[in-house]
Amino acid sequence: MSDLYPAKANAAHAPRSRRLSYISPAASSAAAPNPSYRRRKGTSPPPPWAAATATVLTSPPKPVEQQETEEHLVDTSVNNATGTRVATARTSRASDAPRQAARSSRPRRRPVTSLQAAFCNALEEAINTFVDPPVLRPSVDPRHVLSANFAPVDELPPTPCPVVRGVIPRCLAGGAYIRNGPNPQHLPRGPHHLFDGDGMLHSLLLPTAPDSDPVLCSRYVQTYKYIVERNAGEPVLPNVFSGFHGLAGMARGAVTAARVLTGQMNPMEGVGLANTSLAVFGGRLYALGESDLPYAVRVDPATGEVTTLGRCDFGGRLSMGMTAHPKKDPITGELFAFRYGPMPPFVTYFRFDPAGNKGADVPIFSVKQPSFLHDFAVTEHYAIFPEIQIVMNPMGMVVGGGSPVGADPGMVPRLGVIPKYAADESEMRWFEVPGFNMMHSVNAWEEAGGDEIVMVAPNILSIEHTLERMELIHASVELVRINLRTGNVTRTPLAAANLDFGVINPSCLGRRNRYGYFGVGDPMPKIGGVAKLDFDRAGHGDCTVARRDFGPGCFAGEPFFVPDDVEGNGDEDDGYVVCYVHDEGTGDNRFVVMDAQSPDLDIVAEVQLPSRVPYGFHGLFVTQAELRSQHQ
């Protein structure tokens with residue numbers, strides 16, 4: 001296609017530098033839209049849980065599987081004074097054999113570092129050693145952040161996996177479960193937050209024939225950042241969530257400016273990680289991260305190979321970034337989304353038609369100050385935006401020596417309601433909701449003839465810990481009712497447990513529904529089980545009606561609900577809940593399929609994974625029909 005191009009950074013396939021593992025010290029193609037791309041180049045026993053514009057070029061990129069990548073080496077240098085380079089070789093397990101075999105045949109070469117890059121690297125090393133050593137901030141110390149199953153893994157080519165329990169349900173056959181998450185390509189030079197890792201997709205293609213095996217493939221999203229740093233053999237772009245803090249943040253900003261001026265990086269090509277979630281719309285699959293444009297990716301429905309197609313600006317109509325949580329209307333096929341940032345307008349709302357063509361921007365100037373607007377909700381006729389107590393304050397880093405993003409306990413959270421098809425914000429209404437800090441929405445709908453909006457969402461009770469001490473977070477799922485006629489807002493807790501990462505039957509989005517499935521924080525961001533809530537029981541005690549705990553030392557990520565549209569009876573909860581589960585004791589990794597209607601969320605099928613899948617963020621199930629209809 002004439003609108004597919006590689007980025008400048010893809011001109012050479014230089015090898016990677018040293019890679020470290022850390023330990024803790026304690027429709028049809030004719031109907032396709034025409035977005036603009038900047039293309040980059042044995043059965044085992046059941047585990048415990050079973051029991052209970054950038055300038056463009058014109059040459060085509062190499063497929064991911066043909067790109068040269070150097071074997072990761074172990075850095076033996078140690079700085080015990082600062083902890084900035086303490087590392088160890090990753091522990092070998094039998095399950096790592098496919099990744100190790102994929103690396104064994106790669107030639108070893110060392111990248112050549114330019115004088116300008118060497119100078120910037122030396123400055124960063126001085127900052128990390130004398131001004132802001134990670135060891136002084138455990139929440140961003142790579143040795144802690146990237147320990148255990150948060151440690152990065154290598155890419156895995158399509159690899160067969162045995163079904164070790166039960167049978168894969170027919171509604172899953174031919175589809176793929178894909179989980180996105182952070183997986184840093186190189187050793188961080190200094191502080192590192194979990195959110196700072198490069199995006200990696202872990203895709204499990206499920207077979208159509210009962211005698212065939214599922215296929216797991218793990219690939220990096222080939223963002224501009226990933227390619228620049230792959231070719232440089234070392235980190236180049238800054239870690240946004242962990243690096244810009246006080247005096248050290250200003251110093252790192254100066255180093256970043258030097259890298260831009262000396263041509264080591266071009267922020268106009270994008271600085272995002274595409275590590276948060278995925279979406280399917282307009283005949284394409286996208287990897288998403290809110291700090292950048294979407295990256296189109298493709299899963300081969302025959303082989304399971306995952307390929308990055310390119311960064312997409314939809315014909316020049318999308319700029320800066322897009323939420324990682326767009327909402328696809330199950331009736332109309334439209335996609336609703338937004339972007340946010342530190343400069344007015346702080347929020348901009350927009351939508352895409354079913355073919356993937358982007359509509360006009362609707363800037364929202366009534367937002368009082370920039371906040372961390374990670375998610376929103378939609379009903380049949382409205383969009384709902386939260387304004388929470390995590391705010392952006394870049395001057396706070398300069399004047400007060402703090403972080404450019406942090407909690408503001410004096411701010412009163414609000415919910416903004418705007419007509420779903422608004423051309424401007426003239427009909428936007430804001431409602432104060434003291435103490436309600438929503439990071440993720442589950443669903444929203446209208447009642448009382450359209451006079452009331454009902455929304456279900458986890459409320460982060462310890463908002464000050466959201467960015468730095470996630471293990472201290474407690475999320476309480478609440479049902480929020482907004483009366484558009486009187487302006488009254490009421491809140492009803494639905495469960496006492498620490499629940500987040502909620503999902504519903506996708507066909508119910510924006511319409512009244514009854515059931516939601518949530519990850520049980522143990523603590524966050526580890527998910528120790530899945531709980532099913534019945535929203536119709538709101539106001540009558542705990543709404544938990546089913547739960548499965550994975551067992552001691554066993555943790556998953558966000559669950560995902562797949563409706564049974566083959567053998568089901570049409571009930572809302574007739575389907576399956578799926579996720580990856582990791583056993584920290586044995587290193588065992590499985591894909592688990594649970595019966596969503598059973599009282600204990602019974603496991604009906606398990607797939608033994610050939611390699612470790614690190615804990616990550618959000619996932620998606622892509623049906624066989626969606627895989628087959630992907631545009632190139």
Side-chain angles (χ1 to χ4, degrees), residues 171 277 279-282 323 325-338 349-354 359 375-386 415-422 427 429 431 438 440-458 477-485 489-492 494-495 499 501-518 532-539 543 545 558-565 568-577 596-597 618 620-621 623 626:
C171 63
S277 66
V280 175
F281 65 97
T323 177
H325 291 289
K327 308 301 179 187
K328 185 176 181 179
D329 191 303
I331 306 300
T332 68
E334 297 167 295
L335 190 88
F336 298 84
F338 67 93
Y349 173 55
F350 48 86
R351 68 180 187 271
F352 299 83
D353 68 19
D375 199 356
F376 76 134
V378 296
T379 69
E380 188 173 357
H381 299 103
Y382 296 99
I384 303 101
F385 290 90
L415 291 174
V417 178
I418 188 172
K420 199 173 175 182
Y421 295 95
E427 296 183 69
R429 297 179 61 189
F431 303 85
M438 179 190 98
H440 295 116
S441 72
V442 180
N443 197 22
W445 61 86
E446 299 158 31
E447 292 184 4
D451 285 342
E452 290 187 344
I453 290 177
V454 178
M455 181 174 68
V456 176
V477 181
E478 297 185 11
L479 186 146
V480 181
R481 188 177 297 272
I482 304 172
N483 189 307
L484 298 177
R485 185 172 51 83
V489 179
T490 60
R491 296 158 51 195
T492 305
L494 300 184
L499 306 178
F501 299 103
V503 294
I504 62 169
N505 186 324
S507 66
C508 298
L509 183 76
R511 278 76 180 174
R512 180 170 183 168
N513 78 297
R514 181 173 180 178
Y515 299 109
Y517 302 84
F518 297 80
K532 177 182 180 181
L533 301 189
D534 182 349
F535 305 151
D536 283 358
R537 298 179 59 175
C543 298
V545 292
E558 176 192 61
F560 194 82
F561 180 91
V562 183
D564 188 349
D565 54 5
N569 55 24
D571 290 344
E572 178 191 325
D573 62 344
D574 192 353
Y576 301 92
V577 178
Q597 285 189 318
H618 303 283
L620 182 71
F621 182 79
T623 66
E626 289 172 328

Query raised in the report: Is Lys328 reaching over with its side chain to a backbone N or O of Val280, donor-acceptor style, under 3.5 angstrom?
Result: yes
Query raised in the report: Hey, is the main chain of Arg485 close enough, under 3.5 Å, to the side chain of Asp451 for a donor-acceptor pair?
Result: no
Requested in this report: Write down the atom of Gly568, the atom of Asp574, and the distance for their closest heavy-atom approach.
Outcome: CA-OD2, 3.0 Å
Query raised in the report: Atom OG1 of Thr490 and atom CG of Leu479: how far apart are they, to the nearest 0.5 Å?
Result: 7.5 Å
Query raised in the report: Is there a donor-acceptor pair closer than 3.5 Å between any side-chain N or O of Arg481 and the backbone N or O of Glu452?
Result: no
Report summary line: Value for CD1 (Ile504) from CG (Asn513), rounded to nearest 0.5 Å, stands at 4.5 Å
Query - Rounded distance [0.5 Å steps], NZ in Lys532 versus CZ in Phe561 - result: 8.0 Å
Requested in this report: Ignoring hydrogens and angles, tell me if any N or O in the side chain of Glu446 forms a donor-acceptor pair with the backbone of His381 under 3.5 Å.
Outcome: yes
**Report entry** Closest approach of Ala538 to Leu494 (non-hydrogen atoms, all atoms of both residues)
**Finding:** CB-CD2, 3.6 Å
Requested in this report: Over 60° means perpendicular and under 30° means parallel, so classify the ring planes of Trp445 and Phe535, tilted if in between.
Outcome: parallel
Query raised in the report: Going from CZ on Arg537 to OG1 on Thr492, what distance comes out if it is rounded to the nearest 0.5 angstrom?
Result: 14.5 Å
Report summary line: Rounded to the nearest 0.5 angstrom, the CE-CG distance for Met438 and Leu415 is 7.0 Å
Query raised in the report: Is any side-chain heavy atom of Pro506 closer than 4.5 Å to a side-chain heavy atom of Pro330?
Result: no
Query raised in the report: Roughly how far, to the nearest 0.5 Å, is the SG atom of Cys171 from the CG atom of Asp565?
Result: 6.5 Å
Query raised in the report: Between Asp571 and Asp573, is there a donor-acceptor pair closer than 3.5 Å when you use the side chain of the first and the backbone of the second?
Result: no
Query raised in the report: Which atom pair, heavy atoms only, marks the closest approach of Tyr517 to Val577?
Result: CD2-CG2, 3.7 Å
Requested in this report: Take Leu499 and Leu533 through the test side chain to side chain contact (heavy atoms under 4.5 Å, CB included) and record every step on the way to the result.
Outcome: CA-CA 10 Å; Leu499 306 178; Leu533 301 189; 4.1 Å; yes
Query - Non-hydrogen side-chain atoms of Ile384 and Phe376 separated by less than 4.5 Å - result: no
Requested in this report: Please step through ring-ring contact (aromatic ring centres under 6.0 Å, His included) for the pair Phe501 and Phe560, ending with a clear verdict.
Outcome: CA-CA 9 Å; Phe501 299 103; Phe560 194 82; over 10 Å; no
Report summary line: All heavy atoms of Gly450 vs all of Leu484, minimum pair found to be O-CD1, 3.7 Å
**Report entry** Selection residues 501-512 - residue pairs positive for salt bridge (charged side-chain N to carboxylate O under 4.0 Å, His left out), sequence neighbours left out
**Finding:** Asp329-Arg511, Glu447-Arg512, Arg512-Asp536
**Report entry** Closest approach of Asp375 to His440 (non-hydrogen atoms, all atoms of both residues)
**Finding:** OD2-CA, 3.4 Å
Report summary line: From the list Phe281, Tyr421, Tyr382, Phe385, ring-ring contact (aromatic ring centres under 6.0 Å, His included) partner of Phe336 resolves to Tyr421
Report summary line: Between Ala457 and Ser441, the two heavy atoms sitting closest are CB-CA, 4.0 Å
Report summary line: Contacts of Thr623 meeting side chain to side chain contact (heavy atoms under 4.5 Å, CB included) (sequence neighbours excluded), chain-then-number -> Phe621, Ala625, Glu626
Query raised in the report: Between the side chain of Asn443 and the main-chain N/O of Met455, is any donor-acceptor distance below 3.5 Å?
Result: no
**Report entry** Side chain Tyr349, main chain Lys420, donor-acceptor under 3.5 Å
**Finding:** yes
Query raised in the report: Should Ile418 and Glu427 count as side-chain neighbours, where that means a heavy-atom distance under 4.5 Å?
Result: no
Query raised in the report: Where does the angle between the aromatic ring planes of His618 and His325 fall among parallel (under 30°), tilted (30 to 60°) and perpendicular (over 60°)?
Result: perpendicular
Query raised in the report: Any side-chain heavy atom of Pro354 within less than 4.5 Å of one from Glu334?
Result: yes
Query raised in the report: Do Val442 and Pro458 have side-chain heavy atoms sitting under 4.5 Å apart?
Result: yes
Query raised in the report: Between the side chains of Glu572 and Asn505, does any donor sit under 3.5 Å from an acceptor?
Result: no
